Amino acid sequence: MKRIHIRGGTPLSGIIPISGAKNAALPLLAAGLLTEGTLTLDNVPNVVDIESMLALLAELGATVETDVNTGTNGSGSGFGLSVRLSTPAIRSTTAVYDLVRKMRASVLVLGPLVARFGHARVSLPGGCAIGTRPIDLHLKALQAMGAEVGLDAGYVEVSAPKGLTGAVFTFPSVSVTGTENALMAAVLARGETRICNAAREPEIGDLARCLVAMGADITGIDTDTLKVQGVERLGSARHAVIPDRIETGTFAIAAAITGGSIELQGTRLELIGATADALRQAGIAIEPTAHGIRVARRDNGVRGVDVMTEPFPGFPTDMQAQIMALMTVADGAAMITETVFENRFMHVPELCRMGANINVHSASAIIRGVPALSGAPVMATDLRASVSLVLAGLAARGETIVNRVYHLDRGYERLEDKLAACGATIERADD
Ligand code: UD1
């Protein structure tokens with residue numbers, strides 16, 4: 001089994017190129033199904049979740065060509081892919097269990113398939129390590145546009161043989177992929193659709209801008225009300241995926257937790273607003289540079305700060321485990337409250353095994369900073385929890401061994417290479 005070995009204690013210093021956002025690239029790839037033309041995406045991160053999505057699209061009948069990243073915002077970094085997708089005709093409208101089980105975001109093909117082909121059959125994702133994660137809101141949005149929804153043998157079957165019709169749909173609670181599915185369905189629906197209480201994550205703005213480049217008519221981009229005038233068909237386009245704000249935040253914390261200074265290139269400060277605010281309150285310096293941002297810890301260490309996760313522009317749940325790792329070595333106490341997902345504290349017992357002092361009371365964790373963590377063999381059950389253990393390992397005394405590396409490979413492109421380039425003692429071993 002593959003593991004990552006880390007010898008902690010070195011302040012990291014240097015440059016890290018930030019990859020394209022996985023959570024933007026996934027819906028953008030699914031959007032390729034909406035046109036008979038060609039969608040070319042640059043700055044696609046080369047991670048396992050993207051491989052899974054490309055495999056799903058190929059199985060549905062798309063032609064997929066990948067190349068080294070040739071787009072302007074990623075070229076030269078040596079990271080990422082350019083992907084050319086075309087789906088003149090479909091072979092299947094079924095997303096099978098084996099693919100959906102591996103990656104829940106497979107559900108993103110639902111909206112495009114129903115919108116263009118009038119039918120989709122997608123395996124229900126089932127439970128996962130961060131709670132039950134239902135897709136009822138995705139289905140309600142499609143039903144509002146006239147789709148019929150049935151359940152058969154663990155698959156949800158959605159059909160609209162005469163096409164979808166524009167509607168007003170208000171999300172009762174904010175859902176990122178739910179909004180993306182509704183938006184991708186609405187662009188080919190007859191008439192006007194208004195999506196209210198839409199998620200405002202930057203990845204949704206990125207999807208909307210790409211859809212507009214393909215010929216969609218969308219207004220209200222980046223707000224909580226998306227207005228869509230359906231069009232008959234979409235055409236070809238080329239689009240560069242936005243930088244990954246979660247990867248940016250993760251490496252910002254790598255600088256902070258090790259007392260180092262890292263320039264994160266190819267990213268933008270405005271993408272990490274709430275994370276940057278929390279880090280600054282904790283005493284970390286963050287400044288824009290000509291090529292991205294620089295994150296550095298001042299000599300007086302890290303202060304404890306309270307954080308509550310919320311939909312964008314609030315503090316992202318996908319950064320909760322990483323900021324908790326930082327708070328374990330802060331001066332004073334911190335309270336971290338998780339409001340987006342139930343059961344998203346799986347990293348807590350592992351951090352405690354490394355010497356952290358954390359108490360969980362329902363949706364909140366109280367972290368009392370300790371002078372130092374000590375390395376240990378650890379493992380985690382999801383992507384962000386795993387990376388929080390890597391961050392803790394970079395700061396800990398002695399050796400940390402992170403098991404279940406496949407979680408990290410789902411969402412971080414060559415994590416060890418990027419950290420090692422800044423002086424970290426980190427390597428992958430097959431033992
Ligand atoms: C996306 C991100 C994920 C991130 C999350 C929250 C992708 C591929 N994944 O996931 O990394 O952690 O946003 O920022 O972009 N819910 C329902 N019914 C639904 C849909 C969601 O009850 O139909 C609930 C969920 O259980 C959760 C909350 O709504 O409690 C928010 O989930 P949602 O925004 O949908 O997360 P994802 O889109 O799955």
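Note that the numbering runs from 1 along the sequence shown for the chain. For ligands, and for the atoms within them, numbers begin at 1 and follow the listed sequence. Source: prediction; values computed, not measured.
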Geometry only, no angles: is [X] polar-contacting ligand 1 at N/O separations under 3.5 Å?
| X | value |
| --- | --- |
| Glu201 | no |
| Gly178 | no |
| Ala105 | no |
| Arg104 | yes |
| Val340 | yes |
| Ser175 | yes |
| Ser173 | no |

Could you tell me whether [X] approaches ligand 1 through its side chain, its backbone, both or neither, with non-hydrogen atoms closer than 4.0 Å?
| X | result |
| --- | --- |
| His138 | both |
| Met319 | neither |
| Thr177 | both |

Q) Would you say Arg84 has more than 12 foreign heavy atoms packed within less than 6.0 Å of its CZ? A) no

Q.
Run the salt bridge (charged side-chain N to carboxylate O under 4.0 Å, His left out) test against Arg268 and tell me which residues pass, sequence neighbours left out.
A. Glu270

Q.
The criterion is salt bridge (charged side-chain N to carboxylate O under 4.0 Å, His left out); which residues satisfy it with Arg3, sequence neighbours excluded?
A. Asp431

Using a strict cut-off of 4.0 Å, indicate which atoms of ligand 1 neighbour a heavy atom of [X].
| X | value |
| --- | --- |
| Thr317 | 6 (C), 12 (O), 14 (O) |
| Ile135 | 19 (C), 23 (O) |
| Arg344 | 12 (O) |

Q) Distance only, no hydrogens: is a donor on one side chain within 3.5 Å (strictly under) of an acceptor on the other, for His138 and Glu180? A) no

**Q.** Note: Asp42-Arg238 ion pair, threshold 4.0 Å (strictly below)
**A.** yes

Q) Would you call Arg428 and Asp409 a salt bridge, taking side-chain N to carboxylate O under 4.0 Å as the test? A) yes

Q: Over all heavy atoms of both residues, which pair between Ile257 and Ala325 is shortest? Give the atoms and the distance, please.
A: CD1-O, 3.5 Å

Q: Please step through side-chain contact (heavy atoms from CB on, under 4.5 Å) for the pair Ile6 and Ile4, ending with a clear verdict.
A: CA-CA 6 Å; Ile6 303 163; Ile4 285 186; 3.8 Å; yes

Q | Closest candidate by heavy atom, reference atom 23 (O) of ligand 1, pool Val174, Leu108, Leu137, Val107 | A | Leu137

Q) Quick one: is the NZ or CZ of Lys418 closer than 6.0 Å to the six-membered ring centre of Phe79, and within 45° of its axis? A) yes

